[in-house]
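Below is one structure, written out as structure tokens; comments come after it.
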Amino acid sequence: MTPRRKWAVAWGAWVTAFAVMETITVRRRNDTALCNYLRPVLGVHGGPVHKAAGVGALVGFAVWFVPHLYRQQGEKR
């Protein structure tokens with residue numbers, strides 16, 4: 001297995017594990033979810049505007065990140 005493939009597997013496993021754990025925690029309405037720690041640190045008090053901004057930021061990140069992952073190897077900045 002090449003080093004590039006090893007890193008891909010490691011990152012994929014980490015992201016998958018984090019997503020699964022956060023989903024379970026949020027669905028159980030447990031106080032240990034990451035958002036419960038980040039909201040006070042960032043000074044966010046919730047509400048529909050904050051939720052819309054969060055969804056917008058997440059969608060924007062995904063729109064950037066997915067093509068970034070699949071761009072051709074020969075393309076370098």
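Sequence positions, counted from 1, serve as the residue numbers for this chain.
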Can you find a pair of side-chain heavy atoms, one from Arg28 and one from Ile24, that are under 4.5 Å apart?
-> yes
Side-chain donor/acceptor pairs under 3.5 Å, residues 7-22, sequence neighbours excluded:
from	atom 1	to	atom 2	distance (Å)
Thr16	OG1	Gly12	O	2.7
Glu22	OE1	Leu34	N	3.2
Glu22	OE2	Leu34	N	3.2

For Phe61, which residues count as a ring-ring contact (aromatic ring centres under 6.0 Å, His included) partner, sequence neighbours excluded?
-> Trp64, Phe65
Scanning both residues in full, the closest heavy-atom pair of Ala62 with Pro67 reads O-CD, 4.1 Å
